[in-house]
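Everything numeric here is computed off the predicted structure, so don't read it as measured data.
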2 protein chains.
Amino acid sequence: MGRAASPRPGENQAPTMADVAERAGVSAMTVSRALKEGSRVSKATREKIMAAVNELGYVLDQSAGSLSSRKTGFVAAIVPSINNSNFADTARGITDELESTGLQLLLGYTDYTVEKEERLIEAMLRRRPEGIILTGGAHTDRARRLLESAGIPVVETWELPAKPIDQVVGFSNEEAMGLLVKTLARKGYRKFGYIGGTTSRDTRGSQRREGFVRAIEELGLPPGRLVSFGVPPISIEQGGQAVVSMLERWPDTEAVLCVSDLSAFGALMECKRRGMRVPQDIAIAGFGDYEVAAFCHPGITTVNVDCYGIGREAARRLIQLIRGGEKQRGQEIVLTSYRIVEREST
Amino acid sequence: MGRAASPRPGENQAPTMADVAERAGVSAMTVSRALKEGSRVSKATREKIMAAVNELGYVLDQSAGSLSSRKTGFVAAIVPSINNSNFADTARGITDELESTGLQLLLGYTDYTVEKEERLIEAMLRRRPEGIILTGGAHTDRARRLLESAGIPVVETWELPAKPIDQVVGFSNEEAMGLLVKTLARKGYRKFGYIGGTTSRDTRGSQRREGFVRAIEELGLPPGRLVSFGVPPISIEQGGQAVVSMLERWPDTEAVLCVSDLSAFGALMECKRRGMRVPQDIAIAGFGDYEVAAFCHPGITTVNVDCYGIGREAARRLIQLIRGGEKQRGQEIVLTSYRIVEREST
DNA sequence: GTTAGATATGTTATCGATATCACATCGATC
DNA sequence: GATCGATGTGATATCGATAACATATCTAAC
């Protein structure tokens with residue numbers, strides 16, 4: 001419209017491939033090929049085209065291209081929050097793995113709710129991503145349906161969903177927390193407390209709590225003391241408040257395990273503020289092996305999870321499936337590693 | 001193609017708007033209107049269409065739509081790293097502000113290099129975002145040219161660039177660090193040290209260092225002791241190593257200011273590990289007011305920056321300019337607030 | 001010197017939506 | 001009851017690229 005009205009097309013509009021083609025004295029198709037790696041265009045032609053591209057300041061329009069080629073070059077990833085270094089690491093793993101492929105990441109945050117996840121999934125599917133990476137296995141029914149009918153590979157991460165949609169790259173949060181309990185029990189601790197958020201929105205948090213309770217039972221220890229505090233994800237500050245309420249109610253607690261290192265760090269700092277000795281008066285452990293846990297004083301015992309590796313592996317599988325086309329293998333589950341890191345806090 | 005070969009179109013392919021239209025007994029145009037807010041479609045028609053949409057599991061294809069409407073619904077944002085809670089907060093501010101507008105965020109990381117920024121900018125412009133948010137004012141020449149000829153609003157954040165491209169939402173890192181020096185000088189500290197990264201890749205870091213040096217000069221204090229350690233962004237661990245080298249070289253340093261709270265935290269923990277009293281033996285301050293600075297023990301004096309607000313304000317300006325269309329006002333600079341937060345570490 | 005096969009380039013027809021204009025219908029107003 | 005404006009819907013052209021096929025040119029082999 002604005003273009004048609006103007007006497008000299010392309011005067012004020014952004015240049016198109018046709019403008020470049022005209023300037024270089026070739027067809028649009030040749031320009032398209034010159035701008036795409038791996039297609040054969042003679043050196044002389046390519047140089048003419050590149051010159052025209054630079055003179056006009058042309059930038060390829062991928063939305064037009066992907067409509068035609070039916071490949072958008074997008075991959076979608078949905079994490080609970082990016083303001084959490086564990087998930088930020090996963091996001092970075094995904095980005096790093098995608099970098100060389102030309103695929104671009106669409107990133108979204110759920111704020112730990114499945115409703116927001118559903119909305120995000122729909123918003124992303126409107127962009128026709130070629131694959132999608134999710135965190136966890138809890139989704140609304142509609143979200144599942146949308147994903148199933150999207151016809152693209154799906155990778156669920158960070159958990160082992162009971163009913164996987166497609167691919168899985170994760171670990172058992174329950175087992176990991178159980179291993180932490182057993183490791184500490186071996187050191188002689190018997191009266192355990194657990195600090196986590198108040199709701200089950202954070203499914204990984206719930207799984208860790210279950211793992212805690214189950215391990216205590218299996219070991220035949222006195223029942224674990226559970227403190228729920230704050231809406232997940234719980235902060236450093238809430239970790240501090242939670243440990244206070246734990247100690248008020250059960251002053252003889254010997255070891256407190258926290259749903260994440262952030263709450264553990266909050267608990268640790270609060271104990272120190274109150275003049276308690278860690279681990280002599282109380283032992284504290286976290287989950288996630290955040291940088292802060294390694295370098296605070298005393299260092300916090302925790303469960304190291306390969307956050308970055310989860311992202312990379314999830315993206316790698318997605319790329320394989322996208323590139324592989326028809327010969328997509330069936331559902332597959334990749335277990336990622338975790339390990340207990342013992343530090344001075346226990 | 002595959003479609004044309006199949007006898008019943010739309011059998012295995014994802015349904016298109018035409019399929020929905022056929023099923024609902026209306027034209028594609030009416031479907032398009034029904035799926036777009038604020039266009040007038042009769043209630044009865046809309047219901048028929050929505051039913052067809054649900055039965056077919058149809059999801060709008062925005063790449064096709066944006067080609068036609070010449071609006072992609074994308075906004076691009078480029079930050080140095082998302083594994084840094086300050087920038088993650090800014091990213092969240094942007095997302096939150098965009099949420100109600102239907103605009104979607106394309107997020108990228110530069111890893112603190114202008115070369116990667118340039119590549120990212122080009123990759124994002126291929127998606128034809130309607131606006132773009134950058135961190136800082138340092139860009140390659142080509143990046144500047146690309147941005148200028150893109151014809152979209154640009155917001156530079158987190159600094160006050162000497163030569164702004166378009167809009168700015170930020171603050172003077174130099175001034176902020178200067179204010180921190182002055183605040184501590186008023187408390188009686190005279191022998192100051194500064195810990196930062198080794199290169200100028202992190203322009204905000206360099207500006208803070210300059211602010212430090214200049215404030216010391218202005219106050220007529222003994223020359224500041226500068227320790228450069230590690231490639232920016234420097235980590236908690238590197239902060240610890242840096243403070244060691246600071247103390248070896250200048251054992252009488254009274255107050256150490258760090259380029260960020262993470263390095264300050266590392267320095268603090270290292271000092272405590274060595275049995276030093278903070279702030280009696282040495283005072284430590286950081287920059288950024290990360291959560292860890294507030295809740296560690298002792299709390300770290302720092303400069304609070306409105307990271308989240310920077311994101312929100314940048315996005316708000318962008319939205320105004322996008323929506324405003326032609327009546328775009330000229331370049332504007334929005335100063336965001338910062339303030340010294342004094343805690344026990346000084 | 002002819003021909004097969006590789007290489008380089010052009011032509012045409014889409015991809016799936018929306019802008020735009022045209023048209024039909026309806027109620028209100030005089 | 002004729003006219004006008006508001007409202008709802010459809011037909012058509014198009015957004016800017018690329019797939020697929022066609023064609024031209026070149027190289028090497030005999």
Side-chain angles (χ1 to χ4, degrees), chain A residues 1-6 9-10 13-22 24-49 52-53 56 58-73 102 125-128 130 325, chain B residues 1-6 9-10 13-22 24-49 52-53 56 58-73 102 125-128 130 325:
Chain A
M1 32 152 286
R3 147 159 296 188
S6 126
Q13 302 283 333
T16 72
M17 199 170 260
D19 298 327
V20 175
E22 194 187 2
V26 297
S27 72
M29 195 60 229
T30 304
V31 176
S32 173
R33 282 192 269 252
L35 295 180
K36 177 146 292 179
E37 299 199 2
S39 19
R40 294 145 311 172
V41 172
S42 74
K43 205 178 158 206
T45 309
R46 170 168 271 127
E47 277 166 9
K48 266 192 304 183
I49 290 174
V53 164
L56 293 172
Y58 174 71
V59 176
L60 188 67
D61 185 333
Q62 276 202 69
S63 19
S66 54
L67 179 58
S68 175
S69 67
R70 312 175 65 66
K71 281 184 191 167
T72 57
L125 289 181
R126 280 201 277 266
R127 303 295 186 173
R128 298 290 188 270
E130 301 183 41
Chain B
M1 34 152 291
R3 145 160 299 185
S6 127
Q13 301 284 332
T16 72
M17 199 170 261
D19 298 326
V20 175
E22 195 187 1
V26 297
S27 73
M29 196 59 230
T30 303
V31 176
S32 174
R33 280 192 271 253
L35 294 181
K36 177 145 292 180
E37 298 198 3
S39 18
R40 293 145 312 170
V41 173
S42 74
K43 206 179 158 205
T45 309
R46 170 167 271 125
E47 278 165 8
K48 266 192 305 185
I49 291 173
V53 164
L56 293 172
Y58 175 70
V59 176
L60 188 68
D61 184 333
Q62 276 202 69
S63 18
S66 55
L67 179 59
S68 176
S69 67
R70 311 174 66 66
K71 281 183 191 167
T72 56
L125 290 181
R126 281 200 276 265
R127 302 294 187 173
R128 295 292 188 271
E130 300 183 42

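- Residues passing the salt bridge (Lys or Arg N to Asp or Glu O under 4.0 Å) test with B/Arg127, sequence neighbours excluded: none.
- Atom CG in B/Asp19 sits about 11 Å away from atom P in C/dC15, given to the nearest Å.
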Write down the protein N/O and nucleotide N/O pairs, taken from nucleotides 21-27 of chain D, whose separation is under 3.5 Å; answer none if there are no such pairs.
none

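- Distances shorter than 4.0 Å separate none of the side-chain N or O atoms of A/Arg128 from OP1 or OP2 on C/dG16.
- Contact record, B/Ala28 with B/Ala21: N-CB, 3.6 Å, taken as the closest heavy-atom pair.
- If you take CD of A/Glu47 and C1' of C/dA8, they are 16 Å apart, rounded to a whole angstrom.
- To the nearest 0.5 Å, the span separating CG on A/Leu125 from CD on B/Gln62 amounts to 11.0 Å.
- Not a single donor-acceptor pair, N or O on each side, falls under 3.5 Å between the base of C/dT9 and the side chain of A/Thr30.
- Nearest nucleotide to the A/Arg70 side chain, out of C/dG16, C/dT20, D/dA19: C/dG16.
- Contact annotation for A/Thr45: backbone-only contact, meaning every heavy-atom pair under 4.0 Å involves sugar-phosphate atoms and none involves a base.
- Residue A/Arg70 holds its CZ atom at 10.0 Å from OG of B/Ser63, rounded to the nearest 0.5 Å.
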Exercise. Do A/Val26 and A/Val41 pass the side-chain contact (heavy atoms from CB on, under 4.5 Å) test, and can you show the C-alpha distance, the side-chain angles, and the key distance before you say yes or no?
Worked result: CA-CA 11 Å; A/Val26 297; A/Val41 172; over 6 Å; no

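- From B/Leu67, atom CG reaches atom OG of A/Ser68 across 10.0 Å, with rounding to the nearest 0.5 Å.
- Atom pair A/Lys71:NZ and C/dT14:P shows a separation of 21 Å (rounding to whole Å applied).
- As rounded to whole Å, 12 Å separates atom C1' of D/dG16 from atom CE of A/Met29.
- A distance-only check finds a donor-acceptor pair linking the side chain of B/Arg128 to the backbone of A/Leu60 [under 3.5 Å].
- Nearer to the 5' terminus of DNA chain D, by closest-nucleotide assignment, is the contact made by B/Ser27 (compared with the other of B/Ser69 and B/Ser27).
- Under 4.0 angstrom from either OP1 or OP2 of C/dA17 there lies at least one side-chain N or O belonging to B/Tyr58.
- Contact annotation: A/Ser68 does not reach the phosphate of D/dA17 (side-chain N/O to OP1 or OP2, under 4.0 Å).
- Applying the 4.0 Å criterion to OP1 and OP2 of C/dT7, one finds that A/Ser42 has every side-chain N and O outside that range.
- Annotation: the span from A/Met17 atom CE to A/Met29 atom CE amounts to 8.0 Å, rounded to 0.5 Å.
- Considering CD1 of A/Ile49 and OG1 of A/Thr30, their distance stands at 6.0 Å, rounded to 0.5 Å.
- Nearer to the 5' terminus of DNA chain D, by closest-nucleotide assignment, is the contact made by B/Lys43 (compared with the other of A/Gln62 and B/Lys43).
- In this structure, the CZ atom of B/Arg40 is 15 Å from the C1' atom of D/dG10, given to the nearest Å.
- Taking atom CG of residue B/Asp61 and atom C1' of nucleotide D/dC15, one finds them 14 Å apart after rounding to whole Å.
- When the local axes at the two ends of the helix from C/dG1-D/dC30 to C/dC30-D/dG1 are compared, using 5 base pairs at each end, they differ in direction by 30° after rounding to 10°.
- Among C/dG10, D/dT18, C/dA17, the nucleotide with an atom closest to any side-chain atom of A/Val26 is C/dG10.
- In this structure, B/Leu67 places its CG atom 12 Å from C1' of C/dT14, rounding to the nearest Å.
- Within the 4.5 Å cutoff, the side chain of A/Val53 has heavy atoms near those of the A/Leu35 side chain.
- Across the protein-nucleic acid pair, B/Leu35 atom CG and C/dA19 atom P stand 13 Å apart, rounded to whole Å.
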